[in-house]
Amino acid sequence: MKRQLVLAAAQKSYHASRGIYGYRKVHMDVVEQVGFSCCPETVRRCWRLLDCSPS
């Protein structure tokens with residue numbers, strides 16, 4: 001459940017930045033959006049699921 005919220009918030013942040021933000025900056029946005037803290041590693045894992053990592 002929490003991971004789905006993190007995933008949605010990460011996707012929203014990434015697209016809002018037009019693909020410029022890295023996972024560290026997206027992590028800060030995610031924490032603001034979801035209202036609870038999570039590990040940057042969790043955001044990075046979600047990042048891979050979204051296929052947002054640089055090639």
Side-chain angles (χ1 to χ4, degrees):
M1 177 78 161
K2 282 186 177 183
R3 187 167 288 215
Q4 291 172 339
L5 292 173
V6 170
L7 187 62
Q11 187 172 25
K12 182 179 175 183
S13 175
Y14 179 75
H15 290 297
S17 75
R18 298 185 179 142
I20 295 172
Y21 285 1
Y23 80 93
R24 291 175 183 95
K25 184 89 170 185
V26 169
H27 171 258
M28 292 189 307
D29 286 349
V30 166
V31 170
E32 277 185 25
Q33 288 179 29
V34 297
F36 57 83
S37 66
C38 66
C39 174
E41 183 64 25
T42 302
V43 173
R44 194 171 67 83
R45 286 182 186 144
C46 288
W47 197 256
R48 287 186 194 157
L49 292 174
L50 293 172
D51 196 29
C52 293
S53 45
S55 25

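Sequential numbering from 1 along the given sequence is applied to the chain's residues.
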Quiz item: In chain order, what residues pass the side-chain hydrogen bond (donor to acceptor under 3.5 Å, both in side chains) check against E41, with sequence neighbours excluded?
Solution: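 Per chain and number, E41 pairs via side-chain hydrogen bond (donor to acceptor under 3.5 Å, both in side chains) with R44.
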
Quiz item: For S13, which residues count as a side-chain hydrogen bond (donor to acceptor under 3.5 Å, both in side chains) partner, sequence neighbours excluded?
Solution: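 For S13, the residues satisfying side-chain hydrogen bond (donor to acceptor under 3.5 Å, both in side chains) (neighbours in sequence not counted) are D29.
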
Quiz item: What pair of heavy atoms forms the shortest contact from A9 to V34, and how long is it?
Solution: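 Heavy atoms only, the tightest pair is CB-CG1, 3.9 Å.
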
Quiz item: Under a single-linkage definition using a 4.5 Å side-chain heavy-atom cutoff for Ile, Leu, Val, Met, Phe, Trp and Tyr, are V31 and L5 assigned to the same hydrophobic cluster?
Solution: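 V31 and L5: separate clusters.
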
Side-chain atoms of residues 17-28: list all donor-acceptor pairs with protein atoms under 3.5 Å, sequence neighbours left out, distances to 0.1 Å.
unit_1: S17; atom_1: OG; unit_2: Y14; atom_2: O; d: 2.9
unit_1: S17; atom_1: OG; unit_2: I20; atom_2: N; d: 3.4
unit_1: S17; atom_1: OG; unit_2: Y21; atom_2: N; d: 3.1
unit_1: H27; atom_1: NE2; unit_2: C38; atom_2: O; d: 2.7

Quiz item: Do any pairs count as a salt bridge (Lys or Arg N to Asp or Glu O under 4.0 Å) and have a residue in residues 6-15, sequence neighbours left out, and if so which ones?
Solution: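 Found none.
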
